[in-house]
There are 2 protein chains.
Amino acid sequence: MDKIQKLKNRIDTVVSLTDEELSMFSKAFVLKKISKNDFFLKEGQIANFIGLLNQGVLIYFKSMDNGDEITTDFAFEGDWVTAIQSRLSNSPSLINIKAIENSELLVIKQQDLSDIYIKIPKIERLGRILMEQAYLKMVEQNIDFQVFSAKDRYERLLKKHPQIFQRVQLYHIANYLGIDPKSLSRIRKQIFD
Amino acid sequence: MDKIQKLKNRIDTVVSLTDEELSMFSKAFVLKKISKNDFFLKEGQIANFIGLLNQGVLIYFKSMDNGDEITTDFAFEGDWVTAIQSRLSNSPSLINIKAIENSELLVIKQQDLSDIYIKIPKIERLGRILMEQAYLKMVEQNIDFQVFSAKDRYERLLKKHPQIFQRVQLYHIANYLGIDPKSLSRIRKQIFD
DNA sequence: TTTATTTGGTAACAAATGTGGAGCAAATGA
DNA sequence: TCATTTGCTCCACATTTGTTACCAAATAAA
């Protein structure tokens, strides 16, 4: 499947572009390969780009003052990838984005995207909608923590991303759930009994 | 203090407007009074406005399927108030916003705001920056839940909003912290011993 | 290959949090 | 005034989660 088709699949759910618009849009994207354990973005860098994940798995994490790292999110095939805070404010990123499999992304620079906003307003609409979705996801994630137990959160994650357990190590998942890997182990044992 | 001055105080930290711009901007705001326990926005309504809280305290909460209500945020004097998801997407709000004291807000309609964006681009910048801050706040809130214990979250809240404990009932705070009011009571006892 | 290192798992104990019951003081209403 | 409700605290007990230590399997490195 070529670049244009992959973009089209991902965009069609939100806005529909003519072949010409799609072609112009896709020209601005560059293929980027990232090896396992390499960074797509490091804390302190400015995220002046957006990526569409073609292949692989990425994790978002933040380094805390005490040296701990906390996993805030994952990205799978089809997900848009960027550090929203950094991109919006054009300021250094507070988070890291790292590949935990060999991965491939289609990447567009923020500047090129801004240019396209002017030429194809529908793309600006796409941008706004993706931003909204990102915000809503954050709100939902928050409520998850507020009202659900660790076990419930695990089961909800299981339902939402069944693939995650084949591709992401358990300590990353525990970290994401905000619990100790041992606690996760216990929860898993309990469920599969 | 008049309307213009209140707006100016709140905006100055982000963008600086000329007297003329400020005057034009402030004309679009209308004063709205809300009695204790009345709603600024109900679930299902569309938030086609933004408010600046002059006086009072509001809480944001979401009704869950099982009938529970969970407090997701508070607003105090000087805070901008709206349902971001609803306003951005012009769709029904998923949350409620209610006054827990007699309150007063300066309210601007989304349509008027959009008109002003065109006349005063600096205001659009203000809008973008406030959106960013809201997003960042959400991210921080998330990390709070992920890494801190209930006790730590209580102490962080105490540090961030010392006024909250004089003005918001403890069961609202417990709800916001994601714990049982009894647990909060115990934590408080523990701290003040 | 052999040897470290990483990863996932178990068990035992400690600490934190939830649950249900009870009491008390302040606010509210008849 | 008196009764009721509401918000808060405390107690005892159950459940959940964290901590530490240890082991086995998988993986990486030599």
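Per chain, numbering begins at 1; letters A, B, ... match sequence-line order. Bear in mind the structure is a predicted one, so any value in this text is a computation, not a measurement.
- Protein atom CG of A:Asp152 is 14 Å distant from nucleotide atom C1' of D:dT15, rounded to whole Å.
- For the pair B:Tyr171 OH and C:dG18 P, the interatomic distance rounds to 18 Å; values are reported in whole Å.
- Judged by distance alone, the side chains of B:Gln5 and B:Asn9 do bring a donor and an acceptor atom under 3.5 Å apart.
- Counting to the nearest Å, the P atom of C:dT17 and the CG atom of B:Leu177 are 10 Å from each other.
- In this structure, of C:dT19, D:dG18, D:dT9, it is D:dG18 that holds the atom nearest to the side chain of A:Ser183.
- Remark: P of D:dG7 and CD of B:Gln169 are 5 Å apart, rounded to the nearest angstrom.
- Dense packing is recorded around NZ of A:Lys62, with more than 12 heavy atoms of other residues, nucleotides or ligands lying under 6.0 Å away.
- Note on A:Ile84 and A:Tyr135: same hydrophobic cluster, where clusters join Ile, Leu, Val, Met, Phe, Trp and Tyr whose side-chain heavy atoms are under 4.5 Å apart, directly or indirectly.
- Summarising the geometry, the separation between NZ on B:Lys36 and C1' on C:dT28 is reported as 12 Å, rounded to the nearest angstrom.
- Each of C:dG8, C:dA12, D:dC8 was ranked by its minimum atom distance to the side chain of A:Arg186; first place goes to C:dA12.
- Judged purely by distance below 3.5 Å, without hydrogens or angles, the side chains of A:Lys27 and A:Ser23 pair a donor atom with an acceptor atom.
- One can place CG of B:Asn175 at 13 Å from P of D:dC8, the figure rounded to the nearest angstrom.
- Here the side chain of B:Lys182 is nearest to one of C:dG21, C:dT10, C:dG8, namely C:dG21.
- The listed nucleotides are D:dC8, D:dC10, D:dT17; the one nearest the side chain of B:Lys189 is D:dC10.
- Rounded to an integer number of Å, the gap from CZ of B:Phe148 to C1' of D:dG18 is 17 Å.
- For B:Ile179, the listed nucleotide lying nearest its side chain is C:dG18; candidates were D:dC10, C:dG18, C:dG9.
- In this structure, CG of B:Asn37 is placed 12 Å from P of D:dT6, rounded to the nearest angstrom.
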